[in-house]
Amino acid sequence: MRLNLSQQQAVEFVSGPCLVLAGAGSGKTRVIINKIAYLIKVKEYQPKHIFAVTFTNKAAREMKERITHSLGRQETRGLKISTFHTLGLDIIRKEYKQVGIKSNFSLFDDHDQFALLKELTEQWFDGDKELINQLRSCISNWKNDLVDSTLAMAKAQGKKEQLFAHCYKLYEQQQKSCGILDFDDLILLPTLLLKNNETVREKWQNRVRYLLVDEYQDTNTSQYELIKLLVGHRAKFTVVGDDDQSIYSWRGARPQNLVLLNQDFPNLNVIKLEQNYRSSGRILKAANILIENNPHLFSKTLHSELGYGEYINVLSANNEEDEAEKVVNHLIGHRFANNARYGDYAILYRGNHQSRLIEKMLMQGRIPYKISGGTSFFSRIEIKDIMAYLRLLVNLDDDNAFIRVINTPKREIGPATLQKLGELAGTRSLSLFKTAFDGELTEILSAKRLTSLQGFVEWFNQLSQQAQHDPMSAVYELLQGIDYESWMYETSSSPTAAQMRMKNVEQLITWLDDMLKGNDIDEPYTLEDAVARFTLRDMLERNENEDEQDEVQLMTLHASKGLEFPYVYLIGMAEGLLPHQTSIDEENIEEERRLAYVGITRAQRVLTLSYSRERKQFGESSQLEPSRFLFELPQDDLNWSNGRQQPTAEQRFEHGKSRLALIKAQLAKARNKSD
DNA sequence: GCTTACATTGTTTTT
DNA sequence: CAATGTAAGC
């Protein structure tokens with residue numbers, strides 16, 4: 001497909017820093033793909049010197065697919081396309097000695113992190129969920145701003161912050177002694193390393209000869225710092241972003257980084273992409289009008305040449321079940337009338353839980369569907385169990401994994417025994433696993449407990465030795481040794497359920513095997529690497545005909561960013577759901593509006609919005625208003641399902657009132673700033 | 001130490 | 001209404 005003038009410019013400008021402001025559907029992925037191809041084919045870059053970074057695994061996977069499709073497997077060998085976190089992992093993996101950590105660190109997901117913090121803060125917070133989460137986001141913010149615990153303690157103001165900083169210190173110490181990294185460390189550590197170590201910095205700057213960053217508006221401070229360190233003075237990079245699609249501010253994303261770029265690189269070449277190739281005129285118009293309600297860092301006007309297109313449907317329902325049914329029925333009818341594929345449809349929602357009812361209806365209708373982005377696979381108990389075993393296999397000092405694993409299946413080691421072991425471990429400042437060999441245990445544990453504990457620990461120790469030279473055989477022996485299959489038959493409600501769960505485990509093992517063998521990728525992963533990548537959910541989907549499969553796509557709005565579908569359903573367009581209640585309370589409507597904007601602009605041909613007037617919550621039902629965003633859309637382009645149910649005069653009035661309040665608030669904000 | 005029955009608690013989004 | 005945590009019984 002041919003490129004338009006601005007796209008062409010964006011592709012061919014490779015001599016310095018380049019910012020591409022790419023509106024929704026303006027072909028930014030096409031620009032990135034073509035630019036990579038251009039760098040390889042015309043500028044004769046070696047693929048291994050080109051790095052492209054995205055924010056989600058899905059985006060990375062899709063980009064990888066498209067580039068291999070267009071250039072061929074051979075031509076793209078060595079090309080690095082990954083998420084920020086995977087890139088960070090790669091750097092740490094290669095430079096672990098310089099970072100000052102063991103090669104077999106384990107990676108904590110947020111669940112592990114919570115558990116550890118809960119334990120560390122027991123004496124102060126007494127397991128208070130709210131406080132622990134506050135602490136967690138506080139630590140995360142510190143890490144994102146490149147502040148270590150010592151600095152945090154020095155800078156802390158007030159009692160609470162000092163306590164938090166103290167907890168941060170404890171957390172950091174625990175991380176060091178158990179060899180544990182969290183997600184933020186994957187960015188923080190490489191950034192600090194490159195900042196402080198000139199040799200390593202030069203080495204990586206020499207590796208990363210061209211850097212491309214997708215969804216740049218989602219970068220946080222440390223990620224931007226990492227970018228600057230990687231590109232160095234050569235400053236050969238392209239970042240692509242759109243401030244209207246910034247939907248991650250809650251996790252530290254700074255869309256202002258778009259502006260900072262201009263200051264940090266005065267010779268920055270800024271290119272705007274304003275031609276939309278995705279959506280019908282009507283959908284684009286609706287999106288533009290919606291987002292007009294927000295303030296902007298950069299102004300841009302998207303236009304489409306695809307024709308005006310069909311009306312935007314609005315389905316009204318009395319309750320959520322009714323809504324799910326209407327959506328699915330609409331989909332079935334539409335597919336039949338248009339002779340379309342199921343795979344052409346996407347159903348998008350704000351929160352993961354909203355997929356449940358839709359799933360139920362789709363199942364009843366025997367419609368194939370696929371939920372992506374959701375945590376389902378990795379939140380399955382059997383997968384968590386096996387993952388914990390694998391993590392312990394890689395890093396015997398991973399206490400969280402140890403605790404999860406020690407009594408699954410039952411080994412007669414319960415809380416009491418664990419408590420005693422934990423106390424001894426505390427005084428020795430050793431991991432639980434190492435403490436299990438301590439001679440003093442004979443005095444505090446009964447002979448029976450001791451034999452079962454030591455039996456396990458010795459067996460597992462030998463297993464981890466074996467894993468050093470032959471990981472797969474150790475894994476198979478592990479599965480056999482714990483007799484996980486029988487355990488599942490014991491604990492599952494039915495044999496069929498047990499078989500399902502066993503199949504999940506087999507799937508995991510197959511992935512692991514493929515990763516260790518290096519099928520489909522450049523170099524085989526080590527066991528450590530593979531386990532860390534599982535935690536990041538960064539793996540190649542290898543369901544043979546993955547993209548051939550004809551399934552309705554279900555995902556959150558966040559997960560849908562960067563994707564497009566001919567027919568899109570955006571469900572739960574109701575106050576409290578799409579502007580989410582917490583965002584309404586915090587008066588952060590702008591990000592919710594961007595979220596709606598992202599959803600709307602996923603649609604190519606037909607957009608259908610739905611909401612229900614009632615919602616069942618905690619068993620009680622409550623009334624819902626249609627989302628304010630519905631009233632912000634151009635009403636002439638909407639087709640309300642229940643006849644001519646245009647917004648009532650009262651609703652228009654209410655909406656006008658809130659609009660006015662919003663504008664007043666913005667004015668006040670602007671005035672404060674200028675003072 | 002494990003199982004069962006009861007009570008409590010809670011809903012954003014992701015690497 | 002779940003899913004998860006807690007107390008009492010085995």
Side-chain angles (χ1 to χ4, degrees), chain A residues 53-60 82-89 107-113 118 127-130 133 137 140 143-144 181-188 215 218-220 222-223 245-253 320-321 348-357 372-375 378-379 381 406-419 445-446 448-449 452-453 490-491 532-539 555-561 572 576-586 588 591-592 594-596 598-599 615-622:
Chain A
V53 180
T54 64
F55 275 84
T56 64
N57 293 308
K58 204 176 171 60
S82 63
T83 63
F84 250 108
H85 294 265
T86 307
L87 174 62
L89 179 68
L107 190 57
F108 262 26
D109 63 21
D110 46 354
H111 193 268
D112 298 310
Q113 200 188 8
K118 185 177 173 184
D128 185 329
K129 256 183 147 177
E130 177 82 41
N133 276 322
S137 71
S140 179
K143 288 195 175 189
N144 285 334
L181 302 187
D182 60 31
F183 285 144
D184 296 323
D185 291 325
L186 294 181
I187 313 294
L188 174 70
E215 309 287 8
D218 290 335
T219 50
N220 61 34
S222 62
Q223 284 164 339
Q245 293 185 68
S246 158
I247 53 176
Y248 285 102
S249 68
W250 50 273
R251 84 173 186 205
E320 289 173 294
E321 250 193 356
L348 310 179
Y349 35 80
R350 173 77 234 255
N352 281 306
H353 65 277
Q354 289 175 275
S355 67
R356 289 180 150 258
L357 283 170
S372 57
T375 51
F378 283 87
S379 59
I381 307 156
I406 190 63
N407 215 20
T408 330
K410 301 270 178 286
R411 264 181 281 267
E412 297 184 301
I413 301 164
T417 315
L418 217 51
Q419 169 94 36
L445 290 181
S446 69
K448 195 177 165 195
R449 305 283 165 248
S452 43
L453 178 64
E490 272 169 48
T491 50
R533 275 161 195 275
F534 276 139
T535 313
L536 280 178
R537 318 237 160 110
D538 167 53
M539 59 208 104
M555 69 192 83
T556 63
L557 287 166
H558 284 88
S560 76
K561 192 160 69 150
L577 277 176
L578 189 38
H580 191 271
Q581 191 55 50
T582 38
S583 298
I584 296 174
D585 296 341
E586 291 165 13
N588 184 19
E591 180 138 324
E592 299 289 312
R594 286 192 290 264
L595 216 35
V598 166
R615 166 198 201 187
K616 264 184 269 163
Q617 209 178 192
F618 318 140
E620 293 296 293
S621 63
S622 56

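So that the names make sense, note that chain A is the first sequence line, chain B the second, and so on, each numbered from 1. Quick caveat: nothing in here was measured; it's all calculated off a predicted structure.
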Looking only at the side chains, is there a donor atom on one of Q581(A) and D585(A) sitting less than 3.5 Å from an acceptor on the other? yes
Can a side-chain donor-acceptor contact be found between H580(A) and T582(A) if the only test is distance below 3.5 angstrom?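 Yes, because at least one side-chain N or O of T582(A) sits under 3.5 Å from a partner of the opposite role on H580(A).
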Let me know the distance between [atom1] of [X] and [atom2] of [N], rounded to the nearest Å.
X       : N       : atom1 : atom2 : result
D109(A) : dT15(B) : CG    : P     : 12 Å
E320(A) : dA2(C)  : CD    : P     : 12 Å
L186(A) : dT14(B) : CG    : P     : 18 Å
D184(A) : dT15(B) : CG    : P     : 14 Å
K616(A) : dC1(C)  : NZ    : C1'   : 9 Å
Q354(A) : dT13(B) : CD    : P     : 9 Å
L557(A) : dT13(B) : CG    : P     : 11 Å
Y349(A) : dT13(B) : OH    : C1'   : 12 Å

Please determine, for the side chain of W250(A), which listed nucleotide (dA3(C), dT14(B), dT15(B)) has the closest atom?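 Nearest to the side chain of W250(A) among the choices is dT14(B).
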Among the nucleotides dA3(C), dT15(B), dT13(B), whichever has the atom closest to the side chain of R356(A) is dA3(C)
Do the ring planes of F55(A) and F84(A) sit parallel (below 30°), tilted (30 to 60°) or perpendicular (above 60°)? tilted
Could you tell me how far dT13(B) sits from dT4(C) if I compare only their C1' atoms? Round to whole Å. 22 Å
Does a side-chain N or O from N352(A) land closer than 4.0 Å to OP1 or OP2 of dT14(B), or not? yes
Answer yes or no: does a side-chain N or O of R615(A) lie under 4.0 Å from OP1 or OP2 of dC1(C)?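 Answer is no, no contact under 4.0 Å.
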Could you say whether the aromatic ring of F55(A) and the base of dT15(B) stack, counting only centre distances under 5.5 Å and plane angles under 30°? no
Hey, are the side chains of R533(A) and T86(A) touching, using non-hydrogen atoms and a 4.5 Å cut-off? yes
Measuring only between side-chain heavy atoms, which start at C-beta, is F108(A) closer than 4.5 Å to L181(A)? no
For T556(A), which contact category applies under a 4.0 Å heavy-atom criterion: base, sugar-phosphate, or nothing? sugar-phosphate
Using a heavy-atom cut-off of 4.0 Å across all strands, would you classify R594(A) as base, sugar-phosphate, or nothing?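 No contact.
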